[in-house]
K.L.:
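Would you mind keeping the following structure in view while I ask a few things?
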Amino acid sequence: MRKHIILFGPPGSGKGTQAKKLEAKYGIIQISTGDLFRYEMSHDTQLGLKAKAYMAKGELVPDEVVIGMLKNKVDASPEAKGFIFDGFPRTIPQAEALDQLLEAKNEKIGRLIALTVSDGELINRLLERGKTSGRTDDSNEEIIQNRIDVYKKETSPVYGFYDAKGKSSSVNGVGTIDEIFNRLCEEIDSI
Ligand code: B4P
């Protein structure tokens, strides 16, 4: 059975940072919807143009756009040992679509692991990254605050969606990158 993990948490909680390390250790493929959109935007594709206006304001890209892109990415790697979903699902309809997609392959999510970090720490991390990343959504505190608000309203219910299936757990997302990585590995090894 392939191992599929959702790495969950607010913007700046370290999902992307940790997903890359987990990919290297477990040989399962990271799918970051944020990275996919940034790639599309940098190549001025239709998909990138659709996403740009939403991302610049710190809003979510519409579900139908994200879900179609995610399906293509999963279907493109049938040989993968599993996936780390990083930044997806961010709404309940996205979670339902992900479960249906996996069910059609007789597969399911093994675990959702949430990284918990205080709002103040999130804002500091993202403003720091904004100094060098060139990401417009990181350089303005109001936009960062909007991303955190959108997370609380639209994304945080996804934790409960998987918790009802006994699949959600939380890990302290504050500490060194290696400390947090070790906490995540303990969770994954217990699946
Ligand atoms: P994402 O690309 O998913 O970005 P993120 O939430 O900002 O980042 P992440 O939590 O991965 O943080 P990171 O490791 O980089 O989303 C961007 C936008 O894309 C969204 O706002 C939305 O518009 C759109 N989008 C994406 N997916 C979507 C979906 N499914 N539906 C709709 N819209 C979608 O870490 C952040 C910073 O912290 C880095 O600088 C890092 O170096 C630092 N850091 C990491 N760990 C640290 C630690 N332990 N201590 C100190 N600093 C740390």
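Start at 1 and go down the list; that is how both ligands and their atoms are numbered. Just so you know, these numbers use all the heavy atoms, side chains as well, and skip hydrogens, waters and symmetry mates.
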K.L.:
Which residue and atom name correspond to the protein heavy atom nearest atom 33 (N) of ligand 1, and how close is it?
P.N.:
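Checking every protein heavy atom, the shortest distance to atom 33 (N) of ligand 1 gives Val61 N, 3.1 Å.
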
K.L.:
Could you check atom 36 (C) of ligand 1 against the protein and tell me its nearest heavy-atom contact, residue, atom and distance included?
P.N.:
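For this ligand atom, the closest protein heavy atom is Arg129 NH1, 3.4 Å.
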
K.L.:
Is any N or O atom of Glu59, backbone or side chain, closer than 3.5 Å to an N or O atom of ligand 1?
P.N.:
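Right, the criterion is met.
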
K.L.:
Please list, in number order, the atoms of ligand 1 under 4.0 Å from a heavy atom of Gly175.
P.N.:
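Those atoms are 48 (C), 49 (N), 50 (N).
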
K.L.:
Counting both backbone and side chain atoms, is some N or O of Thr176 under 3.5 Å from an N or O of ligand 1?
P.N.:
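Between Thr176 and ligand 1 (N or O atoms, distance only) the closest approach is not under 3.5 Å.
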
K.L.:
Check whether any side-chain heavy atom of Phe83 sits under 4.5 Å from a side-chain heavy atom of Ile5, and report yes or no.
P.N.:
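Result no, sub-4.5 Å side-chain heavy-atom pair not found.
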
K.L.:
Test the Lys167-Tyr162 pair against the cation-pi criterion, namely NZ or CZ under 6.0 angstrom from the six-membered ring centroid and within 45° of the ring axis.
P.N.:
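Because its charged atom misses either the 6.0 Å distance or the 45° angle limit, Lys167 does not stack over Tyr162.
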
K.L.:
Look at atom 41 (C) of ligand 1 and say which protein heavy atom is nearest, naming residue and atom and giving the distance to 0.1 Å.
P.N.:
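So the nearest neighbour among protein heavy atoms is Thr17 OG1, 3.8 Å.
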
K.L.:
Would one find an N or O of Tyr54, backbone or side chain, under 3.5 Å from an N or O of ligand 1?
P.N.:
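Such a contact does not occur with ligand 1.
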
K.L.:
Any N or O of Pro89 that comes nearer than 3.5 Å to an N or O of ligand 1?
P.N.:
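No; every N/O pair is 3.5 Å or more apart.
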
K.L.:
May I ask you to check whether Ile180 has an N/O atom sitting below 3.5 Å from an N/O atom of ligand 1?
P.N.:
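No: no nitrogen or oxygen of Ile180 is under 3.5 Å from one in ligand 1.
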
K.L.:
Identify the protein heavy atom lying closest to atom 4 (O) of ligand 1, giving its residue, its atom name and the separation to 0.1 Å.
P.N.:
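In this structure, atom 4 (O) of ligand 1 has Arg135 NH2, 3.6 Å as its nearest protein heavy atom.
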
K.L.:
Is Asp137 salt-bridged to Lys52, cutoff N-O under 4.0 Å?
P.N.:
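Looking at Lys52 together with Asp137, the answer is no, because their closest N to O distance does not fall below 4.0 Å.
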
K.L.:
Distance to 0.1 Å, residue and atom name: give those for the protein heavy atom nearest to atom 48 (C) of ligand 1.
P.N.:
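Going by distance alone, atom 48 (C) of ligand 1 is nearest to Arg125 NH2, 3.4 Å.
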
K.L.:
Is Glu121 close to ligand 1, meaning an N/O of one under 3.5 Å from an N/O of the other?
P.N.:
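There is no such contact.
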
K.L.:
Which heavy atom of the protein is the closest neighbour of atom 31 (N) of ligand 1, given with residue, atom name and distance?
P.N.:
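Residue, atom and distance for the closest contact: Gln94 NE2, 2.9 Å.
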
K.L.:
Has ligand 1 got any nitrogen or oxygen that is less than 3.5 angstrom from a nitrogen or oxygen of Phe88?
P.N.:
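In fact, backbone or side chain, Phe88 has no N or O that close.
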
K.L.:
Suppose we measure from atom 34 (C) of ligand 1 to each protein heavy atom; which comes out shortest, and what is that distance?
P.N.:
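Here the nearest protein heavy atom works out to Arg90 CD, 3.8 Å.
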
K.L.:
For ligand 1, is there an N or O atom under 3.5 Å from any N or O atom of Phe37?
P.N.:
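Such a contact does not occur with ligand 1.
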
K.L.:
Report the nearest protein non-hydrogen atom to atom 10 (O) of ligand 1: residue, atom name, distance rounded to 0.1 Å.
P.N.:
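For atom 10 (O) of ligand 1, the nearest protein heavy atom is Lys15 NZ, 2.8 Å.
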
